[in-house]
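A short worksheet on the structure shown next.
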Protein chains: 2
Amino acid sequence: MYELFFQNFNTKVALTKEEETLIKNYLIPKKLRKKQYLLQENEVCKSYAFIEKGALRAYSVDDSGNEHIIQFGIEGWIVSDLYSFLTGEPATYNIDALEDSELVLISKTAHEELLQKLPKYETFTRLNITGAYIAMQKRLTSIISSPLEERYTNFTKAYPEIIQRVPQHMIASYMGLTPETLSRIRKRISAK
Amino acid sequence: MYELFFQNFNTKVALTKEEETLIKNYLIPKKLRKKQYLLQENEVCKSYAFIEKGALRAYSVDDSGNEHIIQFGIEGWIVSDLYSFLTGEPATYNIDALEDSELVLISKTAHEELLQKLPKYETFTRLNITGAYIAMQKRLTSIISSPLEERYTNFTKAYPEIIQRVPQHMIASYMGLTPETLSRIRKRISAK
DNA sequence: AAAAAGCATTGATTTTGATCAATGCTTTTC
DNA sequence: GAAAAGCATTGATCAAAATCAATGCTTTTT
């Protein structure tokens with residue numbers, strides 16, 4: 001249990017056995033069946049989740065009722081509505097499972113206590129956010145600067161696993177496109 | 001000197017006089033005239049900059065030679081090509097001054113030493129990145145989910161200072177639009 | 001003070017992606 | 001194993017933004 005979590009932690013900051021035990025006391029395991037929610041809009045996000053197994057998505061719903069996928073997550077990734085988690089404001093995202101999944105939850109209070117008690121946990125947190133920031137900045141740059149075909153091929157190169165496991169219309173949503181448009185882009189690409 | 005920097009630092013993590021002095025030894029002041037570069041594409045980004053005064057922008061240039069503004073920064077903000085700074089890879093962004101500016105530079109080696117020596121500096125760093133992450137996520141969500149008019153009004157509400165100080169065609173670039181389109185959107189909005 | 005450069009706006013046209021609609025698969029569900 | 005739901009694709013039409021082009025202001029530069 002928590003194998004991947006600690007493997008991931010140790011590649012970022014090496015832990016002693018005692019430290020691992022300390023952290024384990026704060027972790028909460030959670031299983032989610034496909035389509036079940038981890039978080040719903042307007043709830044407060046009370047924990048963030050490390051994905052041990054499975055796949056999830058975070059999405060928002062606009063005024064016209066259309067879903068927009070903000071983020072995917074698979075094994076080894078973290079999903080959350082970070083804004084809600086940190087501020088205590090109601091979440092603007094929904095998070096649900098795309099496959100049966102196993103999560104490790106870190107509650108807000110656990111997070112705060114660990115930050116106090118264990119400097120290595122703060123380092124872990126800092127590195128996680130930094131990585132997430134850089135990934136998101138790449139995505140944003142790609143959206144603003146690159147033509148659609150390139151954006152799609154970049155995505156397939158960067159996240160081949162996601163392409164395998166997620167239906168195409170969700171990739172379209174993630175890219176801010178309709179499924180029809182993505183289908184046509186793929187056709188254009190394969191014509192080359 | 002460094003007034004705003006330490007004011008900002010202290011609102012995030014309170015420092016003793018000794019700690020301030022320690023940190024001061026690592027800081028490098030830099031003045032930049034309007035249009036001067038802080039960083040150019042393909043250089044390695046060797047420091048990040050806290051803005052004491054002035055305004056800067058980070059932008060990328062695509063294959064067709066078009067500029068795309070990734071980020072603005074004014075007093076109290078941090079600008080950098082974080083990816084290049086952290087990995088040592090060549091920068092993909094250019095950063096230049098939109099006004100005569102005064103910066104506080106923190107070099108890569110200073111950053112690493114401070115992280116080692118001073119836990120409060122790590123907390124400062126973590127909070128900075130977290131804030132930047134949340135701001136960027138809002139921007140991304142807005143791009144994917146909101147109609148253009150709303151995106152523009154959101155932007156004006158969130159960053160009225162930027163609107164005041166930055167020419168409109170740069171706002172358009174930041175939004176991923178042509179100047180003509182933004183002009184027409186503004187016309188539509190004011191017609192209401 | 002004149003010339004040049006930068007900027008915002010408007011109009012006409014073209015391109016691109018969204019929308020509406022239908023079809024054929026494949027995967028779930030009962 | 002039949003019915004239903006979910007999914008990707010294709011075609012036709014519509015809407016939105018980009019592009020091309022021109023004009024009148026400001027602000028810089030010299």
Side-chain angles (χ1 to χ4, degrees), chain A residues 32-36 54-55 57 59 61-69 72 96-101 142-153 155-156 162-192, chain B residues 32-36 54-55 57 59 61-69 72 96-101 142-153 155-156 162-192:
Chain A
L32 225 52
R33 286 296 198 64
K34 186 172 175 171
K35 297 198 177 176
Q36 282 186 320
R57 95 235 238 227
Y59 66 94
V61 181
D62 68 21
D63 302 338
S64 318
N66 301 313
E67 292 181 3
H68 301 274
I69 295 181
F72 292 113
D96 63 8
L98 300 176
E99 305 171 0
D100 294 352
S101 300
S142 176
I143 288 180
I144 294 180
S145 320
S146 302
L148 278 184
E149 286 190 26
E150 200 175 316
R151 269 171 68 195
Y152 181 73
T153 46
F155 183 81
T156 58
I162 304 270
I163 298 282
Q164 296 302 321
R165 290 163 68 174
V166 167
Q168 195 172 300
H169 71 273
M170 289 195 185
I171 309 287
S173 168
Y174 178 87
M175 294 181 70
L177 304 175
T178 59
E180 293 95 329
T181 299
L182 181 56
S183 173
R184 288 177 178 121
I185 287 166
R186 279 163 45 85
K187 199 182 174 188
R188 283 213 305 269
I189 291 171
S190 67
K192 291 181 179 170
Chain B
L32 225 53
R33 286 297 198 63
K34 186 172 175 171
K35 296 198 180 179
Q36 283 187 321
R57 96 235 238 225
Y59 66 94
V61 181
D62 69 21
D63 302 339
S64 317
N66 301 313
E67 292 181 5
H68 301 275
I69 295 182
F72 292 113
D96 63 8
L98 301 177
E99 305 170 359
D100 294 352
S101 300
S142 175
I143 288 180
I144 293 180
S145 320
S146 303
L148 277 184
E149 288 191 24
E150 200 175 316
R151 270 172 66 195
Y152 181 72
T153 45
F155 183 81
T156 58
I162 304 270
I163 298 281
Q164 297 301 321
R165 290 163 68 174
V166 167
Q168 195 172 301
H169 72 272
M170 289 194 185
I171 309 286
S173 168
Y174 178 86
M175 294 181 70
L177 303 175
T178 60
E180 293 96 329
T181 299
L182 181 55
S183 173
R184 287 176 179 121
I185 287 165
R186 279 164 47 84
K187 199 182 175 188
R188 282 211 306 268
I189 291 171
S190 69
K192 290 182 180 171

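Labels below follow one simple rule: chain letters A, B, ... track the order of the sequence lines, proteins then strands, and each chain is numbered from 1. Remember, predicted model here, so these are calculated numbers, not experimental data.
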Please report the distance, rounded to the nearest Å, between [atom1] in [X] and [atom2] in [N].
{"X": "B:E149", "N": "D:dA15", "atom1": "CD", "atom2": "C1'", "answer": "14 Å"}
{"X": "A:R165", "N": "D:dC7", "atom1": "CZ", "atom2": "P", "answer": "16 Å"}
{"X": "A:R33", "N": "C:dT29", "atom1": "CZ", "atom2": "P", "answer": "11 Å"}
{"X": "B:K34", "N": "D:dT27", "atom1": "NZ", "atom2": "C1'", "answer": "9 Å"}
{"X": "B:R186", "N": "C:dT10", "atom1": "CZ", "atom2": "C1'", "answer": "14 Å"}
{"X": "B:Y152", "N": "C:dA8", "atom1": "OH", "atom2": "C1'", "answer": "12 Å"}
{"X": "B:D100", "N": "D:dT28", "atom1": "CG", "atom2": "C1'", "answer": "14 Å"}
{"X": "B:K35", "N": "D:dT27", "atom1": "NZ", "atom2": "P", "answer": "15 Å"}

### Phosphate-side-chain proximity, A:Q168 and D:dG6, N/O vs OP1/OP2 below 4.0 Å
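For A:Q168, the contact criterion (side-chain N or O under 4.0 Å from OP1 or OP2 of D:dG6) is not met.
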
### Task
May I ask you to evaluate whether A:H169 reaches the phosphate of D:dA8, defined as a side-chain N or O under 4.0 Å from OP1 or OP2?
yes

### Message
Let's go through A:L182 and A:H169 carefully: what are the C-alpha distance in whole Å and the side-chain angles of both, what is the deciding distance for side-chain contact (heavy atoms from CB on, under 4.5 Å) to 0.1 Å, and is it a yes or a no?
### Response
CA-CA 8 Å; A:L182 181 56; A:H169 71 273; over 6 Å; no

### Query
Given A:K35 and A:D96, is the salt bridge (charged side-chain N to carboxylate O under 4.0 Å, His left out) satisfied, shown in steps?
CA-CA 6 Å; A:K35 297 198 177 176; A:D96 63 8; over 6 Å; no

### Task
Decide yes or no for A:E67 and A:M170: does some side-chain heavy atom of the first lie under 4.5 Å from some side-chain heavy atom of the second?
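They are not in side-chain contact.
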
### Query
Between A:R151 and A:I143, does a side-chain contact (heavy atoms from CB on, under 4.5 Å) hold up when you go through it step by step?
CA-CA 7 Å; A:R151 269 171 68 195; A:I143 288 180; 3.8 Å; yes

### Summary
With sugar-phosphate taken as primed atoms, P, OP1 and OP2 and all else as base, the protein-contact string of nucleotides 16-25 of chain C at under 4.0 Å (heavy atoms; B, S, -) is -SSBBB----

#### Entry: Listed nucleotide nearest any side-chain atom of B:K187, set C:dG11, D:dT9, C:dC7
C:dG11

### Message
Quiz question: by atom type and distance under 3.5 Å, do the side chains of B:T181 and B:T178 form a donor-acceptor pair?
### Response
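B:T181 vs B:T178: donor-acceptor pair found between side chains.
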
### Message
The criterion is salt bridge (charged side-chain N to carboxylate O under 4.0 Å, His left out); which residues satisfy it with B:E99, sequence neighbours excluded?
### Response
B:R165

### Query
Between A:Y174 and A:Y59, is the gap from one ring center to the other below 6.0 Å?
no

